[in-house]
S.K.: 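I'd like to ask you about the structure that follows.
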Amino acid sequence: MRSSSAARRKQKLKRLKNKSVLLGVTGGVAAFKAADLIRRLKDVGASVTVMMTEAAKQFITPLSLQVASQNTVYTSVFQDPLTHISLPALADVMVIAPATANIIAKLANGIADDILSTAFLAYQGPVVIAPSMNGKMFEHPIFQENLKRLLSFGIRQVGPESGTLACGEEGKGRLADVPDIVDSVIAAVTPQDLKGRKIVVTAGPTREHLDPVRFLSNRSSGKMGFSIARAAWIRGAAVVLISGPTALKSPSGVILRQVDTAAQMLRAVTEETDKDASVLIMAAAVADFRPHLQARTKAAKDNIDSLVLDRTQDIIAHVAAQKKKPFVIGFAAETGGKLERAKQKMQRKKMDMIVFNDVTEIGAGFESDTNNVVILDRKGSAKTGLLSKDEIADAILDRYLKIKT
Ligand code: PMT
């Protein structure tokens, strides 16, 4: 039997392995989050070198970021006269987080008066900015003009988020969540092989209600579908994620449509696939049955002897039967090694590809961060072995691209 520690070891995909990240930290209250950002970038394999503005030093010390990055922190152009040229020359990606209104104004206008702004001008690779400031500052037309100008040079923006800001006001201006900044950095250095394609992904369970407090559902956590949505976005696709109830946060850049029942998922999938989708990937565990009657008030248990169930409509079969349809990828959750059943399911529902998921395997199926599947299409099959769900997601997208390029 394979141990669960082996499964855990496989969980982290080092998407920034051997990548050198040049991180610019500017003087906003969110600067303290730079230490966490560094840790998470290193966690996915990156080496990180930090440049700080004078104002950033008011919020976090260079020493803290030196400890976090295990690298020299650069705070002045004169620390070493050629650093502003040599640092960018070695970087695979530059990220500025937090990026204040001041630095965005300077970069948009070519002003180079400190280590960060001079290194930016000397850098020719991908750049990600994570703006963070007071909501009124963010909305100011002059700032918006500067931001628009900067983005017109192909720079990626992540955030800001809306909510309560450090100053106590409500508004848009909070630094993007650190994992979302990491995803944007990953996307900036990942080949955009899905660019120009719209991918619709389903995830999670559906709930079929008996009354306002009881429902029929299943163990799906949504992790598999969310990993697929995130991987597709990182690779440049426009992604719509249609999810049943889960505890997961939507991956950055993905449009999330939350649904509850199989009927709602059918409606959302139909609407999205009608609108020029290239691919539909159904990782959701859609309920096959729903109660024949749904009570408006809580049914007394003494009044329930048995349940009458109706079949839900098969969403994937419905889409695959359309004349103008996307490339259709389904999953087959099975208990036991019945690969043949998955093949039959693919043919019966007219899918183009199916992912056979034996949910009885250790570390596979519901709720875990890992999975172990066989990807089948009309031409053959490929076993993935035990991998993180992020890696399984990439394997599915790779196989799709092999067929559809
Ligand atoms: O969410 P996680 O915790 O990460 O778990 C992942 C998973 C185990 C849910 C996932 O990997 C998986 O196997 N999903 C498919 C589950 C399932 O419903 O399998 P199925 O064999 O019953 O259905 C076959 C296909 O038809 C599936 O693509 C399903 O989405 C689709 N279907 C099913 C019923 C229905 N009414 N409409 C559908 O479209």
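The figures here come from the full heavy-atom set of this structure, side chains too, leaving out hydrogens, waters and symmetry mates. As the structure lists them, so they are numbered: ligands from 1, and atoms in each ligand from 1. Here the structure is a predicted model, which is why all the values come from computation and not from measurement.
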S.K.: Looking only at heavy atoms, which two atoms of Thr261 and His209 are closest? And how far apart?
M.R.: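 In this case the closest contact between Thr261 and His209 is CG2-CD2, 4.1 Å.
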S.K.: Given Ile228, Ile315, Asn357, Asp314, identify the one with the heavy atom nearest to atom 13 (O) of ligand 1.
M.R.: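 Nearest heavy atom to atom 13 (O) of ligand 1 lies in Asn357.
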S.K.: Using a strict 4.0 Å cut-off to heavy atoms of Lys223, name the atoms of ligand 1 that fall inside it.
M.R.: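 In order of numbering, the contacting atoms are 1 (O), 2 (P), 4 (O).
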S.K.: Is Gly222 close to ligand 1, meaning an N/O of one under 3.5 Å from an N/O of the other?
M.R.: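 It does: an N or O of Gly222 is found under 3.5 Å from an N or O of ligand 1.
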S.K.: Looking only at N/O atoms, are Gln313 and ligand 1 under 3.5 Å apart anywhere?
M.R.: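 Yes, since at least one N or O of Gln313 sits under 3.5 Å from an N or O of ligand 1.
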S.K.: Looking only at distances, please establish whether an N/O atom of ligand 1 is found under 3.5 Å from an N/O atom of Thr312.
M.R.: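 The answer is yes, given that Thr312 and ligand 1 share an N or O pair closer than 3.5 Å.
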S.K.: Starting from atom 1 (O) of ligand 1, find the nearest protein heavy-atom neighbour and note its residue, name and distance.
M.R.: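 Here the closest protein heavy atom is Ser220 OG, 2.6 Å.
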S.K.: Working to the nearest 0.5 angstrom, can you tell me the gap between Tyr400 OH and Ile228 CD1?
M.R.: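 Tyr400 atom OH to Ile228 atom CD1 measures 13.5 Å (nearest 0.5 Å).
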S.K.: Taking all non-hydrogen atoms of both residues, which atom of Val73 and which atom of Gln66 are closest, and how far apart?
M.R.: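 Distance-wise, the nearest heavy atoms are CG2-N, 3.4 Å.
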S.K.: What's the shortest heavy-atom distance between Gly173 and Leu165, and which atoms?
M.R.: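 Heavy atoms only, the tightest pair is C-CD2, 3.7 Å.
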S.K.: Which protein heavy atom lies closest to atom 6 (C) of ligand 1, and at what distance to 0.1 Å?
M.R.: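 Its nearest protein heavy-atom neighbour is Met224 CB, 3.6 Å.
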S.K.: For Met282, take its heavy atoms, then give the atoms of ligand 1 lying under 4.0 Å from any of them.
M.R.: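 With Met282 as reference, the close atoms of ligand 1 come out as 27 (C), 28 (O), 30 (O), 39 (O).
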S.K.: Looking at Asn371, Asp369, Thr370, which hits side-chain hydrogen bond (donor to acceptor under 3.5 Å, both in side chains) with Lys223?
M.R.: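 Between Lys223 and the candidates, side-chain hydrogen bond (donor to acceptor under 3.5 Å, both in side chains) is satisfied uniquely by Asp369.
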S.K.: If we only count N/O pairs under 3.5 Å, is Arg219 in contact with ligand 1?
M.R.: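 No, since none of the N or O atoms of Arg219 sits under 3.5 Å from an N or O of ligand 1.
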S.K.: Please confirm whether Phe59 and Phe32 have ring centers closer than 6.0 angstrom.
M.R.: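 No, ring centres 6.0 Å or more apart.
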S.K.: Under a plain distance cut-off of 3.5 Å, with no hydrogens placed, do Glu391 and Ser388 share a side-chain donor-acceptor pair?
M.R.: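 Result is yes, a qualifying pair exists.
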S.K.: Using the six-membered ring wherever Trp is involved, compare the ring planes of Phe143 and Phe138 and label them parallel, tilted or perpendicular (cut-offs 30° and 60°).
M.R.: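 Ring orientation, 0 to 90° scale: tilted.
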S.K.: Return the option from Phe366, Phe331, Phe289 holding the heavy atom at the smallest distance from atom 12 (C) of ligand 1.
M.R.: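 Answer by nearest heavy atom: Phe331.
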S.K.: Can you tell which of Met351, Glu367, Lys345, Arg348 gets a heavy atom nearest to atom 22 (O) of ligand 1?
M.R.: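 Checking each option, the heavy atom nearest atom 22 (O) of ligand 1 is found in Lys345.
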S.K.: To which protein heavy atom is atom 39 (O) of ligand 1 closest, and what is the distance rounded to 0.1 Å?
M.R.: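 Heavy-atom neighbour on the protein nearest atom 39 (O) of ligand 1: Ile316 N, 2.9 Å.
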S.K.: What heavy-atom pair brings Ala262 and Glu208 nearest, and what distance separates the two atoms?
M.R.: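 Distance-wise, the nearest heavy atoms are N-OE2, 2.9 Å.
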S.K.: I'd like to know whether ligand 1 has Arg311 as a neighbour, heavy-atom separation below 4.0 Å.
M.R.: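 Per 4.0 Å heavy-atom rule, Arg311 does not contact ligand 1.
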S.K.: Determine whether the side chain, the backbone, both or neither of Thr202 has a heavy atom under 4.0 Å from any heavy atom of ligand 1.
M.R.: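 It is neither; nothing of Thr202 touches ligand 1.
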S.K.: Of all the atoms in ligand 1, which lie at a distance below 4.0 Å from a heavy atom belonging to Gly330?
M.R.: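 Contacts of ligand 1 toward Gly330, numbered from 1: 28 (O).
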S.K.: Between ligand 1 and Lys389, can you find any atom pair, the residue atom being a heavy atom, that is separated by under 4.0 Å?
M.R.: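 Under 4.0 Å: yes for Lys389.
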S.K.: Determine whether any heavy atom of Gly365 lies closer than 4.0 Å to an atom of ligand 1.
M.R.: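 Contact check Gly365 vs ligand 1: positive.
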S.K.: Looking only at protein heavy atoms, which one is nearest to atom 30 (O) of ligand 1, and how far off is it?
M.R.: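 Answer, as residue, atom name and distance: Ala284 O, 2.7 Å.
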S.K.: Which heavy atom of Lys198 sits nearest to which heavy atom of Asp276, and what is that distance?
M.R.: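 Residues Lys198 and Asp276, closest heavy atoms: CB-O, 4.0 Å.
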S.K.: Hey, looking at atom 14 (N) of ligand 1, which of Ala333, Ala285, Ser227, Ala283 has the closest heavy atom?
M.R.: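 Nearest option to atom 14 (N) of ligand 1, by heavy atoms: Ala283.
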S.K.: For Ala332, counting its heavy atoms only, list the atoms of ligand 1 lying under 4.0 Å from any of them.
M.R.: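 Taking each heavy atom of Ala332 in turn, ligand 1 has 21 (O) under 4.0 Å.
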S.K.: Under 4.0 Å, heavy-atom basis, I'd like to know which part of Ser221 is in contact with ligand 1: side chain, backbone, both or neither.
M.R.: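 Both backbone and side chain.
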S.K.: Short list, please: which atoms of ligand 1 are under 4.0 Å from a heavy atom of Asp288?
M.R.: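 Near Asp288, meaning under 4.0 Å from one of its heavy atoms, ligand 1 has 34 (C).
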S.K.: Show your working on side chain to side chain donor-acceptor pair (under 3.5 Å) between Asp390 and Ser227 and close with a plain yes or no.
M.R.: CA-CA 5 Å; Asp390 289 345; Ser227 282; 2.8 Å; yes
S.K.: Please list the nearest protein heavy atom to atom 32 (N) of ligand 1 with its residue and the distance rounded to 0.1 Å.
M.R.: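 For this ligand atom, the closest protein heavy atom is Lys349 NZ, 3.9 Å.
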